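Sequence positions, counted from 1, serve as the residue numbers for this chain. Predicted model, so just to flag it, every value in this text is computed and none were measured.
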Amino acid sequence: MVKAVVYALAAAALIAFIIFSPAGQKGRDRLGSNRRLGIRLSLPNFDPLVTELERRGEGERTEREDPPASTGAGSSIGVDKYLTDEGKLNITLRLLFLFPLLDSAPKDGAVSFDELEAWNVGQARDRLSYQMRKELVFFDKDGDGAISFGEYLPQFSDEDIDRNGSAHGEAGWWKEQFLNADVDRNGTLSFNEFMDFLHPEDSNNTEIQKWLLGQKLKRMDYDGDGKLNLDEFTDHIYDIYKNYVEFEAHGGHVPTPEQKFSDLDVNDNKLLEVEEMIPILHYLNPGELSHAKYYTAYLIREADDNKDGNLSLEEMLNHEDMFYASIFEEDEEEDELHDEL
């Protein structure tokens with residue numbers, strides 16, 4: 001019998017995925033400073049139709065100037081044809097529709113890791129862009145399409161800014177990251193710069209990456225020299241790195257603390273400087289894009305019944321609930337849903 005699921009507005013936690021999320025962080029405050037230092041992310045939506053329904057549930061209709069062709073959707077993503085009269089989503093029909101879109105390079109009747117990763121990363125980028133459009137509209141008080149320091153952080157007075165306090169959450173702390181994001185140095189943040197500012201964990205801006213690592217290093221650097229020795233690396237960094245790499249390697253080789261430290265220590269001075277830790281930043285502060293890649297690995301591993309590294313349509317249909325785990329509920333009272341942590 002074709003499965004159907006009741007659409008829910010929030011994503012349910014999936015333990016097998018969440019264990020790879022950063023732990024120990026509190027929820028986002030109004031300014032988003034905790035998010036900027038890395039938070040646990042909820043299970044992402046695999047299907048853009050689910051995302052559309054979620055946005056409708058927020059009382060908004062998504063308007064895209066150029067909808068990604070990979071969604072296979074127009075402006076409304078053809079919602080009604082996939083819903084029953086009871087408002088349930090036919091996920092079997094959705095997977096039958098989505099499979100040819102996933103199987104794209106090449107079209108060989110199977111979805112490879114790279115194809116599925118490209119899809120999931122594309123959905124993650126769409127979520128980030130959508131969130132940023134909302135943020136930009138909210139904070140852009142003068143309507144010039146860019147965000148000034150005062151527009152985003154109006155609570156800081158000129159005296160606060162002149163004082164330039166560098167403690168966490170003070171004006172100077174925010175100003176440093178604002179300047180890191182302001183690549184063209186025009187005093188305001190464009191759309192992409194504002195995205196880097198609010199989502200540094202997904203940024204390719206080297207100065208932002210160094211700032212983010214510097215914030216983490218302050219809590220790990222016993223002797224206060226601004227660098228990590230092997231003991232500090234082993235005590236604070238290695239286990240986080242190891243958890244991710246063990247998942248990636250799936251039983252393969254995982255470097256020892258000494259091996260990884262030596263690999264990162266490019267200048268061979270027996271200390272890790274901030275710049276040398278950039279290659280492992282995505283392990284220490286995984287953002288939406290990093291989680292999309294790990295979500296891909298999880299889906300492949302769990303649904304690939306014949307262990308050939310690809311997903312057939314039959315395998316996806318056999319495990320269809322996994323692809324809709326953020327909303328899945330079958331013939332039971334709605335489970336308690338968790339807010340994004």
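- No donor-acceptor pair under 3.5 Å is formed between the side chain of Gln177 and the backbone N or O of Trp174.
- Using a 4.0 Å cut-off between a side-chain N of Lys or Arg and a carboxylate O of Asp or Glu, Asp160 and Arg163 qualify as a salt bridge.
- The side-chain tip of Arg133 does not point at the ring of Phe191 from less than 6.0 angstrom away and within 45° of straight on.
- Geometrically, Arg94 does not engage Phe99 in a cation-pi contact, judged by NZ or CZ lying under 6.0 Å from the ring centre and within 45° of the ring axis.
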(message) Please determine whether ring-ring contact (aromatic ring centres under 6.0 Å, His included) holds for the pair Phe194 and Tyr152, giving the CA-CA distance in whole Å, both sets of side-chain angles, and the decisive distance to 0.1 Å.
(response) CA-CA 10 Å; Phe194 194 39; Tyr152 188 67; 5.6 Å; yes
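- Atom CG of residue Leu272 and atom CD1 of residue Ile280 lie 7.5 Å apart, to the nearest 0.5 angstrom.
- For Lys307 and Asp305, the salt-bridge test fails: no basic side-chain N is under 4.0 Å from an acidic carboxylate O.
- Salt-bridge check for Arg55 with Glu52: failed, with every basic side-chain N at 4.0 Å or more from each acidic carboxylate O.
- Checked by atom type and distance alone, the side chain of Asn205 pairs as donor or acceptor with a backbone atom of Asn180 at under 3.5 Å.
- Taking the ring axis of Phe149 as reference, the NZ or CZ atom of Lys175 stays within 45° of it and closer than 6.0 Å to the ring centre.
- Residue Glu170 comes nearest to Phe156 through the heavy atom pair C-CZ, 3.9 Å, listed as atom of the first residue, atom of the second, then distance.
- Rounding to the nearest 0.5 angstrom, the gap separating the OG1 atom in Thr92 from the CE atom in Met316 is 11.5 Å.
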